[in-house]
Chemist: 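Have a look at this one.
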Number of protein chains: 4
Amino acid sequence: METVSRAATGVTRSRTPRPRADALRNRERIVTAAREMFVEFGPDVPLDEVARRAAVGNATLYRNFPDRAALVHEVVLAVTSRTTDRAEEAAAEESDPFAALSRFVHAAADERIGALCPMLSGGFDKDHPELLAERRRLEEAVEGLVSRAMSAGRLRTDIAVGDVLVALSQLTRPLPGTGCLHIDRFTHRHLQLFLDGLEAPARSELPGTAATLEDLRRRP
Amino acid sequence: METVSRAATGVTRSRTPRPRADALRNRERIVTAAREMFVEFGPDVPLDEVARRAAVGNATLYRNFPDRAALVHEVVLAVTSRTTDRAEEAAAEESDPFAALSRFVHAAADERIGALCPMLSGGFDKDHPELLAERRRLEEAVEGLVSRAMSAGRLRTDIAVGDVLVALSQLTRPLPGTGCLHIDRFTHRHLQLFLDGLEAPARSELPGTAATLEDLRRRP
Amino acid sequence: METVSRAATGVTRSRTPRPRADALRNRERIVTAAREMFVEFGPDVPLDEVARRAAVGNATLYRNFPDRAALVHEVVLAVTSRTTDRAEEAAAEESDPFAALSRFVHAAADERIGALCPMLSGGFDKDHPELLAERRRLEEAVEGLVSRAMSAGRLRTDIAVGDVLVALSQLTRPLPGTGCLHIDRFTHRHLQLFLDGLEAPARSELPGTAATLEDLRRRP
Amino acid sequence: METVSRAATGVTRSRTPRPRADALRNRERIVTAAREMFVEFGPDVPLDEVARRAAVGNATLYRNFPDRAALVHEVVLAVTSRTTDRAEEAAAEESDPFAALSRFVHAAADERIGALCPMLSGGFDKDHPELLAERRRLEEAVEGLVSRAMSAGRLRTDIAVGDVLVALSQLTRPLPGTGCLHIDRFTHRHLQLFLDGLEAPARSELPGTAATLEDLRRRP
DNA sequence: GATGAATGAGGCTTCATTCAT
DNA sequence: GATGAATGAAGCCTCATTCAT
């Protein structure tokens with residue numbers, strides 16, 4: 001359950017006579033390197049550097065991903081997918097609904113969900129069907145966590161899944177160039193403070209209105 | 001006109017004979033444009049674009065700021081300073097110490113304190129004396145807000161000024177390319193949730209240890 | 001009358017406070033170098049080489065012409081314009097109408113009208129208004145030459161201006177890499193043979209139908 | 001008579017144990033695809049595209065032709081050979097000597113002899129013995145057509161085989177990217193005009209001197 | 001023998017910075 | 001002092017060619 005629940009699908013169906021083993025490995029290495037370097041240096045990191053980190057020639061990268069947008073697409077997909085896995089794990093394995101939400105939030109930080117933020121800016125298709133589907137899957141999983149915690153009276157009722165995901169992403173956004181060193185020192189503290197603020201009973205009245213992920217995606 | 005104004009100034013300190021009025025105005029416009037564009041498009045925005053927004057030639061920008069680092073320096077200084085002003089205002093004008101902290105947090109968001117985050121990455125001297133001093137000033141002001149709220153029993157005691165400022169910065173970090181549109185829709189909600197988490201009594205035990213701004217700056 | 005009858009126009013009109021002298025010179029040098037190198041090596045010649053021949057930095061080329069298409073556009077415009085000038089000269093200065101046409105054909109070869117052929121392939125806007133206008137002007141001028149020669153009974157009547165211009169272009173198309181050396185040795189011979197074929201009375205019946213330049217431009 | 005009058009020569013001398021049938025077919029398909037695509041897109045067409053059109057892997061192409069020059073060599077050879085075939089056909093089947101020349105000229109256009117022009121530029125060995133021999137064969141065949149037409153008094157006497165072949169090539173040179181669509185609409189008209197100019201009696205005095213194909217090849 | 005994949009060199013284009021008016 | 005223009009270094013991407021299955 002750990003790894004690529006999505007990327008490895010759809011291989012043995014059609015005409016394509018099976019990708020070669022080393023090619024698959026290369027592709028995987030590129031995505032991994034890209035994820036790491038996007039996290040560490042931001043989404044403008046030179047693709048040649050990504051290729052070097054992946055230990056492949058730059059043209060191999062371009063063979064697999066025609067342009068930067070394609071690579072970003074893949075990384076966003078991977079991070080979203082892995083994060084969703086964490087949400088489903090938390091839902092399945094934690095009996096206390098607020099503990100489940102809490103576990104997910106901290107796990108999502110470790111998956112570097114915050115790295116998605118800067119990537120959402122670039123010129124890539126945020127409405128791509130694959131992405132849309134994966135985002136829906138994430139939203140549903142987190143929606144499950146939220147609604148159960150809310151039903152149990154553990155979560156304040158004036159927030160929605162969008163609030164959780166956006167704040168979570170912001171709080172875990174990496175600082176380019178720092179190598180994420182501060183994440184382990186501070187981020188989990190701040191996430192915990194945020195979770196404390198989410199807990200019922202509400203200690204204040206919130207401005208604005210709760211929102212879904214789709215609201216975020218749209219131009220407001 | 002030039003000679004008159006120069007002759008009229010009675011200052012005998014330095015060699016520089018007081019900059020011309022339009023030169024000062026230009027410098028100010030550049031800093032303002034840079035602050036806006038750093039917020040809107042991130043710290044990698046082309047300097048030619050900044051110059052255009054400021055309605056000056058690019059060479060004028062370089063006359064005032066020898067390189068990008070110098071401009072970033074100035075903007076960081078300005079944002080820090082303005083944010084400090086907000087902290088001092090809040091301290092002076094709010095009687096309730098937690099309300100003061102709260103007011104500061106929301107005001108700092110409007111000053112785009114979050115824009116500092118990405119700028120702290122680039123190759124500019126974070127230890128410059130001017131910056132150090134301004135950061136100290138900010139830290140002291142916020143330290144005042146925090147300690148008073150804590151003394152009044154309104155703030156949980158396991159946090160420190162570093163927690164407030166870092167989380168505040170992260171939660172208000174702009175998404176490049178979005179024109180900050182989401183700030184007004186979501187950010188203040190999430191700040192409020194964070195503030196609720198800060199309030200005493202503490203609802204959880206925090207991982208890690210509280211820290212100052214200087215801790216953040218260092219390589220851990 | 002020799003040179004840039006078009007490029008030098010429209011300078012002193014508007015807001016733009018007059019381009020600097022050296023900038024104009026640079027622009028002119030770039031266009032000249034591009035024309036020469038397109039002729040000599042074809043339209044795929046590296047732009048860095050064009051810049052080198054023009055003795056400017058490559059970025060200067062890109063400042064003046066955002067991409068290859070813009071540069072091709074300018075060169076096509078220049079060649080067309082200069083060729084039109086030759087047509088008008090011939091019309092004005094030759095009394096015999098067939099001699100006028102003949103003089104134009106040979107002069108157009110010297111203007112390297114054949115270099116237009118390969119450039120018409122690339123991804124640039126062949127319907128740009130400027131180009132359209134210039135092409136019309138050329139067509140009108142040559143149409144004048146043709147119709148007068150035809151009226152005088154010197155030209156066969158089953159051809160049209162498109163035939164003259166297309167065949168002329170083809171016969172004078174440079175061979176990339178040869179430095180046009182063969183032009184002076186052979187091209188004028190073949191043009192003369194073609195002219196002899198154009199002369200009345202017609203010695204054969206032509207297949208197909210006569211056409212205008214616009215017909216050529218369209219996807220047939 | 002159609003195809004490889006030269007390449008398939010059944011010499012059984014050497015070591016190579018006769019290529020497999022599918023290998024031969026592949027080689028043939030590559031040459032055909034290359035010829036078509038050189039005509040359609042020019043001699044710089046990516047070899048991967050040629051391989052795709054030939055429906056073979058790119059490495060298969062490189063197995064048969066070590067580099068682009070080798071492929072160009074083969075295509076030039078093939079086109080030259082097929083054109084020579086047309087010349088010999090015309091000589092054999094037409095009783096009127098000028099009609100034979102005329103028939104050859106139009107047939108050569110259909111063989112895309114014009115596509116040779118751009119290929120003669122690239123970095124391939126134009127003096128390769130095979131090519132030299134083939135070019136001689138073509139020249140002899142056309143020389144036969146020319147001299148017989150001239151002897152019959154049907155052809156002006158101030159031209160030579162080089163004039164015919166060069167002008168013929170130029171007039172039929174494809175415009176890259178157009179898919180040769182204009183060939184059928186215009187080229188045969190212009191060839192006819194050229195033939196009319198070739199016919200005796202000469203209507204003008206030609207500049208320069210007549211030349212052979214070898215003259216063309218040399219740097220003058 | 002045939003193939004898909006990998007590679008490095010090279011062209012295009014942008015941008016921080018410097019220069020000439 | 002202010003400006004537009006010039007520049008070289010660097011990133012993106014393509015393609016001829018080589019390698020591993």
Side-chain angles (χ1 to χ4, degrees), chain A residues 16-27 44-51 55-69 71, chain B residues 2 19-24 26-27 44-52 55-69 71, chain C residues 16-27 44-51 54-69 71, chain D residues 19-24 26-27 44-51 55-71:
Chain A
T16 53
R18 175 157 54 130
R20 262 164 40 180
D22 59 344
L24 268 188
R25 191 159 15 96
N26 272 343
R27 186 183 170 91
D44 295 331
V45 68
L47 294 194
D48 283 22
E49 300 296 323
V50 174
V56 302
N58 59 352
T60 298
L61 188 153
Y62 283 100
R63 163 180 287 275
N64 283 277
F65 306 97
D67 53 13
R68 175 180 293 272
L71 183 53
Chain B
E2 174 142 12
R20 273 168 24 185
D22 59 343
L24 269 186
N26 272 346
R27 187 183 171 89
D44 296 331
V45 68
L47 293 194
D48 278 25
E49 301 294 323
V50 174
R52 177 175 316 179
V56 301
N58 57 354
T60 300
L61 188 154
Y62 279 94
R63 167 174 298 277
N64 283 277
F65 306 97
D67 54 13
R68 173 180 291 271
L71 183 53
Chain C
T16 53
R18 175 157 54 131
R20 260 164 42 181
D22 59 343
L24 269 187
R25 193 161 11 98
N26 272 343
R27 187 185 171 91
D44 295 330
V45 68
L47 294 195
D48 282 23
E49 301 295 323
V50 174
V56 301
N58 57 354
T60 298
L61 188 153
Y62 283 99
R63 164 181 285 276
N64 282 279
F65 306 96
D67 53 13
R68 175 180 293 271
L71 183 54
Chain D
R20 271 165 31 183
D22 59 343
L24 269 186
N26 272 346
R27 185 183 172 91
D44 296 330
V45 68
L47 293 193
D48 279 23
E49 301 294 324
V50 174
V56 302
N58 58 353
T60 300
L61 187 154
Y62 279 94
R63 166 172 299 277
N64 284 277
F65 307 97
D67 56 11
R68 173 181 292 271
L71 182 53

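Below, chain A is the first sequence line, B the second, and so on; all start at residue 1. Note: hydrogens, waters and symmetry copies are ignored here, and every other heavy atom, side chains too, is used.
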Chemist: Does N26(C) place a side-chain N or O at less than 4.0 Å from the phosphate oxygens OP1/OP2 of dA6(F)?
Modeler: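 Yes, because at least one side-chain N or O of N26(C) sits under 4.0 Å from OP1 or OP2 of dA6(F).
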
Chemist: Mind checking if R63(D) touches a base, just sugar-phosphate, or nothing, with heavy atoms under 4.0 Å?
Modeler: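 Result for R63(D) = base.
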
Chemist: For DNA chain E, whose closest nucleotide is more 5', that of D48(B) or that of N64(A)?
Modeler: N64(A)

Chemist: Rounded to whole Å, please give me the gap between CG in D44(C) and C1' in dT14(F).
Modeler: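 So the CG-C1' distance, D44(C) to dT14(F), works out to 13 Å.
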
Chemist: Any side-chain N or O of R68(B) less than 4.0 Å from the OP1 or OP2 oxygen of dT17(E)?
Modeler: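 No.
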
Chemist: For A59(C) and E49(A), take the nucleotide of DNA chain F holding the closest heavy atom to each; which residue's nucleotide lies nearer the 5' end?
Modeler: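 With A59(C) and E49(A) compared, the 5'-side residue is A59(C).
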
Chemist: Output yes when at least one side-chain N/O atom of T60(C) is less than 4.0 Å from OP1 or OP2 of dA5(F), else no.
Modeler: no

Chemist: Just one of D67(C), N58(C), L71(C) clears the side-chain contact (heavy atoms from CB on, under 4.5 Å) bar with L47(C), so which one?
Modeler: L71(C)

Chemist: Assuming nearest nucleotide by heavy-atom distance, tell me which of G57(B) and L47(D) is located more 5' along DNA chain F.
Modeler: G57(B)

Chemist: If you measure from CG on L61(C) to CZ on R68(C), what distance do you get to the nearest 0.5 Å?
Modeler: 9.5 Å

Chemist: Can you tell me how far P of dC15(E) sits from CZ of R52(B), to the nearest Å?
Modeler: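 Roughly 11 Å, once rounded to whole Å.
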
Chemist: Please compare A55(D) and L61(A) by the position of their nearest nucleotide in DNA chain E and report the one closer to 5'.
Modeler: A55(D)

